[in-house]
Number of protein chains: 2
Amino acid sequence: MERLIHGRPYAETEHGPVFRPCAPHSVLARLGDKWTILVMSHLAVASGHRLRFSELKKGIEGITQRMLTVTLRNLERDGLLLRHYFPEVPPRVEYELTEMGASMLPALEGFTTWIRENWPRIEACRRVHDEGQDRTVVRKARSPRA
Amino acid sequence: MERLIHGRPYAETEHGPVFRPCAPHSVLARLGDKWTILVMSHLAVASGHRLRFSELKKGIEGITQRMLTVTLRNLERDGLLLRHYFPEVPPRVEYELTEMGASMLPALEGFTTWIRENWPRIEACRRVHDEGQDRTVVRKARSPRA
DNA sequence: CAGCATCCCTCTAGATACTG
DNA sequence: CAGTATCTAGAGGGATGCTG
């Protein structure tokens, strides 16, 4: 028996529900990395929806050449991004979201709205929780991350 | 000047758009980790919307005690999860999503729908791309991850 | 039962140097 | 300009052992 809960497929078994090994996870993991969403967002708002490597690098504070390259290659591999190479001297490369890539951000919009609305509360919860931990001993914060 | 694009705030500068240091990223990074969504999904569909530690462990294939504990503590820290401790012998602990936690999965639904619809295409793109790389030399696939 | 503590290994991101 | 190659520090995650 296959059902959907919150858009996720799962099977009902005798031991309770079991969720699928999770195709969504692979996508969420990609989005959860440090630079992917920033790159996609910049391409989405760019005039002509295209940007050169150096324009992306300038527009994204703190990204290194290497990480920009890696992020772009991963997006290209997933079919979310096109790479246009112009063999000039000096070389010019332009990046552009594919149709699928461009359709992803609007699909995410409902969730980003939720995040914006709930973020202050999440932050407040973290502060309260972390203070409660800091009795007499300084402990490592649990995955600060960002 | 502050605007919204796809639900994300950004500022228009003389050098082009600059996105905020990204509150959403911290949330997406949490969701992108290996177990968080599985834990939340199980709690969402559980009868009574509560599960014991051991029930979660049994319901999530492959998770270790340590990772389940870490995941639960992180969710608790963010105010997405409540921990109910019953000082019996042997001890019993039940976990339950908070109102905020329960509201997160429905907010994510639009996006998980997008993922389900586009996942086959993403997979196909990856296969094609990876084959194109495998000329004469076997290279490491770029972040297989899942 | 529901954990915490510890060890260890892998993978990632960042820094740096070099190149077509 | 737009990368690639290499090195390293640190986080994430698994295995194991111990405990209130």
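Naming: A, B, ... by sequence-line order, numbering from 1 per chain.
- Partners of A:T98 according to the side-chain hydrogen bond (donor to acceptor under 3.5 Å, both in side chains) rule, which considers only residues two or more places apart in sequence or in another chain, do not exist here.
- Rounded to an integer number of Å, the gap from CD of B:E76 to P of C:dA2 is 15 Å.
- Rounding to whole angstrom units, OH of residue A:Y85 and P of C:dG20 are separated by 12 Å.
- Taking the side chain to side chain contact (heavy atoms under 4.5 Å, CB included) definition, one finds that B:S103 meets it with A:W114, sequence neighbours left out.
- Proximity of B:K57 to the phosphate of C:dG3: no side-chain N or O atom is located under 4.0 Å from OP1 or OP2.
- Distance CG (A:N74) to P (C:dT12): 9 Å, rounded to an integer number of Å.
- The interatomic distance linking A:K34 (NZ) with D:dG10 (P) rounds to 14 Å, in whole Å.
- At a threshold of 4.5 Å between non-hydrogen side-chain atoms, the residues B:M104 and A:F111 count as touching.
- As rounded to whole Å, 13 Å separates atom C1' of C:dC11 from atom CZ of A:R30.
- Looking only at side-chain heavy atoms (C-beta outward), A:L68 and A:L72 come within less than 4.5 Å of each other.
- In this entry the distance linking CD1 of B:I60 with P of D:dG14 reads 12 Å, nearest Å.
- Residues satisfying the salt bridge (Lys or Arg N to Asp or Glu O under 4.0 Å) criterion with B:E96, sequence neighbours excluded, are B:R50.
- A:R83 meets the side chain to side chain contact (heavy atoms under 4.5 Å, CB included) test with A:R73, A:E76, A:Y85, A:V93, A:Y95; sequence neighbours excluded.
- If you take CG of B:L56 and C1' of C:dG3, they are 14 Å apart, rounded to a whole angstrom.
- Where the helix from C:dC1-D:dG20 to C:dG20-D:dC1 starts and where it ends, the local axes point in directions that differ by 50°; five pairs per end, rounded to 10°.
- Between the CD1 atom of A:I63 and the P atom of C:dG14 there is a distance of 8 Å, given to the nearest Å.
- Residues forming a side chain to side chain contact (heavy atoms under 4.5 Å, CB included) with A:S54 (at least two apart in sequence, or on another chain): A:R52.
- Every residue two or more places apart in sequence or in another chain that forms a side-chain hydrogen bond (donor to acceptor under 3.5 Å, both in side chains) with B:R92 is listed here: B:E88, B:E94.
- In this structure, A:W35 does not reach the C:dT12 phosphate: none of its side-chain N or O atoms is under 4.0 Å from OP1 or OP2.
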How does protein contact run along nucleotides 1-6 of chain D, one letter per nucleotide 5' to 3', with B for base contact, S for sugar-phosphate only, - for none, heavy atoms under 4.0 Å? BBBB-B

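- Pairs of residues two or more places apart, or lying in two chains, that qualify as ring pair (Phe, Tyr, Trp, His ring centres under 6.0 Å) and include a residue from residues 26-56 of chain B are A:F19-B:H42.
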